[in-house]
Student: 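Structure below; questions to follow.
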Amino acid sequence: HVSVQRVLNNGVKIYLRRSDITDERVDAIVNAANKRLQHGGGVAAAIVRKGGRQIEDESRRIMSDRNGRPLDVGDAVHTSGGHLPCRFVIHTVGPIWKDRERERCISLLRRACLESLRLAAQLELSSIALPAISSGIFGLPKDICAQVMFGAVEEFSSSREAEFSILRDVRIVIIDDETISFFREEFVRRY
Ligand code: AR6
């Protein structure tokens, strides 16, 4: 669980931690979800496995309230944390990587991160943990994921939303060796 941290604008602290995000003691963890909130694999499956039925039931309710209309890529919605140690799960939809749509994927990942942070600020949360969104099943290159995610946290920390919120503890939590090596490299490069 070695963790590194830096203080950004408005006193927002960014942490990089190696851990299972479902164990994280924060107000909200972010799920790398899909447009239909079907939590089939990766971090999503781990979240519903540990969090229990409630997260799946609430996810279904969100979809039925939308009459089945899928979320847009970059959107963020929330459910409770069920049996997890966090109060909320913020479900965001990252892009499916396509080499030919590089810039579009980058801007959608940035939006997914920012929408998650904004939602946490609106919910008056003080801490949040994010996984390496889109870098697993959705195939987004891990070096690009690290650049975009740190960039989005910095952008949030400099925003009015951050200034007027109590969100001060932002963690990027990564479970595997390979992914964290890309994030460590980017962390060292930036800070
Ligand atoms: N804690 C922290 N990170 C984790 C954990 C965990 N418990 N489990 C996996 N990761 P992915 P995506 C990492 O595939 O690429 C699902 O089916 C993993 O190593 O979970 O956005 C959804 O329902 C990787 O680095 O998300 C969607 O359909 C990162 O989390 C689709 O996958 C993200 O990998 C989303 O794909």
Side-chain angles (χ1 to χ4, degrees), residues 1-4 14-26 28-53 55-60 62-63 68 70-79 81-86 88-99 101-102 104-117 127-150 152-153 170-187:
H1 300 274
V2 247
S3 132
V4 286
I14 173 87
Y15 297 82
L16 177 62
R17 274 168 70 73
R18 171 159 186 190
S19 184
D20 182 332
I21 201 167
T22 61
D23 294 330
E24 210 61 19
R25 297 190 176 277
V26 279
I29 66 170
V30 173
N31 178 21
N34 58 40
K35 290 178 171 188
R36 298 185 185 279
L37 300 180
Q38 288 164 336
H39 309 305
V43 71
I47 287 171
V48 297
R49 205 182 309 123
K50 270 205 198 162
R53 281 289 300 276
I55 297 172
E56 287 176 291
D57 291 345
E58 289 177 40
S59 296
R60 267 194 291 275
I62 291 168
M63 290 314 293
L71 299 173
D72 287 327
V73 179
D75 283 353
V77 296
H78 73 283
T79 64
H83 299 305
L84 295 170
C86 55
F88 299 106
V89 176
I90 292 177
H91 304 268
T92 194
V93 187
I96 298 173
W97 179 255
K98 294 187 187 75
D99 281 323
E101 293 179 20
R102 182 192 162 96
R104 189 176 133 75
C105 288
I106 287 173
S107 104
L108 289 168
L109 176 60
R110 172 176 158 272
R111 189 167 106 81
C113 295
L114 283 171
E115 289 297 308
S116 300
L117 294 165
S127 57
I128 186 173
L130 301 102
I133 298 164
S134 286
S135 76
I137 293 165
F138 282 178
L140 193 135
K142 293 172 194 292
D143 56 338
I144 296 176
C145 188
Q147 280 170 35
V148 175
M149 288 195 68
F150 285 123
V153 177
V170 179
R171 308 177 189 178
I172 296 178
V173 176
I174 292 177
I175 202 165
D176 65 288
D177 280 335
E178 197 210 341
T179 311
I180 203 154
S181 68
F182 285 97
F183 278 73
R184 284 222 180 91
E185 202 174 301
E186 183 63 20
F187 189 95

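Along the sequence shown, residues carry numbers from 1. In this text the structure is predicted, and so the values were computed from the model without any measurement. Side chains included, hydrogens not; waters and symmetry mates left out as well; all remaining heavy atoms used. Every number for a ligand or one of its atoms is a count from 1 in the order of the listing.
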Student: Report the member of Gly94, Ala132, Ala44 with the shortest heavy-atom distance to atom 29 (C) of ligand 1.
Tutor: Ala132
Student: Which ligand 1 atoms are under 4.0 Å away from a heavy-atom of Thr179?
Tutor: 25 (O)
Student: Counting heavy atoms only, which of Ala45, Pro95, Gly139, Ser134 comes nearest to atom 12 (P) of ligand 1?
Tutor: Ser134
Student: Name the orientation class of the two ring planes belonging to His78 and Phe88 (parallel below 30°, tilted from 30 to 60°, perpendicular beyond 60°).
Tutor: perpendicular
Student: Using heavy-atom distances, let me know which of Ile21, Ile137, Asn34 sits nearest atom 14 (O) of ligand 1.
Tutor: Ile137
Student: So, does Thr179 use its side chain to make a donor-acceptor pair with the main chain of Asp176 at under 3.5 Å?
Tutor: no
Student: Going by heavy-atom distance to atom 22 (C) of ligand 1, choose the closest among Gly42, Pro131, Ala32, Gly40.
Tutor: Ala32
Student: Can you tell me the protein heavy atom closest to atom 24 (C) of ligand 1 and the distance?
Tutor: Ser135 OG, 3.5 Å
Student: What I'd like to find out is whether the side chain of Ile144 reaches to under 4.5 Å of the side chain of Arg102, using heavy atoms alone.
Tutor: yes
Student: Is the closest side-chain heavy-atom distance between Leu109 and Cys105 below 4.5 Å?
Tutor: no
Student: Do Asp75 and Thr92 have side chains that approach each other closer than 4.5 Å (heavy atoms only, starting at C-beta)?
Tutor: no
Student: Among protein heavy atoms, which lies nearest atom 31 (C) of ligand 1, and at what distance?
Tutor: Phe138 CE2, 3.5 Å
Student: Where is the tightest heavy-atom contact between Ser59 and His39, given as atom of each residue plus distance?
Tutor: OG-NE2, 2.9 Å
Student: At under 4.0 Å between heavy atoms, which part of Val43 makes contact with ligand 1: side chain, backbone, both or neither?
Tutor: both
Student: I'd like to check whether Lys142 has a polar contact with ligand 1, where a contact means an N/O of the residue lying under 3.5 Å from an N/O of the ligand.
Tutor: no
Student: Decide whether an N or O pair under 3.5 Å exists between Gly41 and ligand 1.
Tutor: yes
Student: Could you tell me whether a side-chain N or O of Ser134 sits under 3.5 Å from a main-chain N or O of Pro95, the two making a donor and an acceptor?
Tutor: yes
Student: Using distance alone, decide if ligand 1 has a nitrogen or oxygen within less than 3.5 Å of any nitrogen or oxygen in Ala46.
Tutor: no
Student: Note the single closest protein heavy atom to atom 19 (O) of ligand 1, along with its residue, its atom name and the distance in Å.
Tutor: Asp176 OD1, 3.1 Å
Student: Which residue supplies the protein heavy atom nearest to atom 13 (C) of ligand 1, what is that atom called, and how far is it?
Tutor: Ile175 CG2, 4.3 Å
Student: Roughly how far, to the nearest 0.5 Å, is OG of Ser127 from CZ of Arg25?
Tutor: 11.5 Å
Student: Any atoms of ligand 1 less than 4.0 Å from a non-hydrogen atom of Gln38? List them with their elements.
Tutor: 23 (O)
Student: Would you say that Arg17 contacts Ile174 through its side chain, given a criterion of any heavy-atom pair below 4.5 Å between the two side chains?
Tutor: no
Student: With the side chain counted from C-beta on, respond yes when Val30 and Pro131 share a heavy-atom pair under 4.5 Å apart, and no when they do not.
Tutor: yes
Student: Are any of the N/O atoms on Asp20, whether in the backbone or the side chain, positioned under 3.5 angstrom from an N/O atom of ligand 1?
Tutor: yes
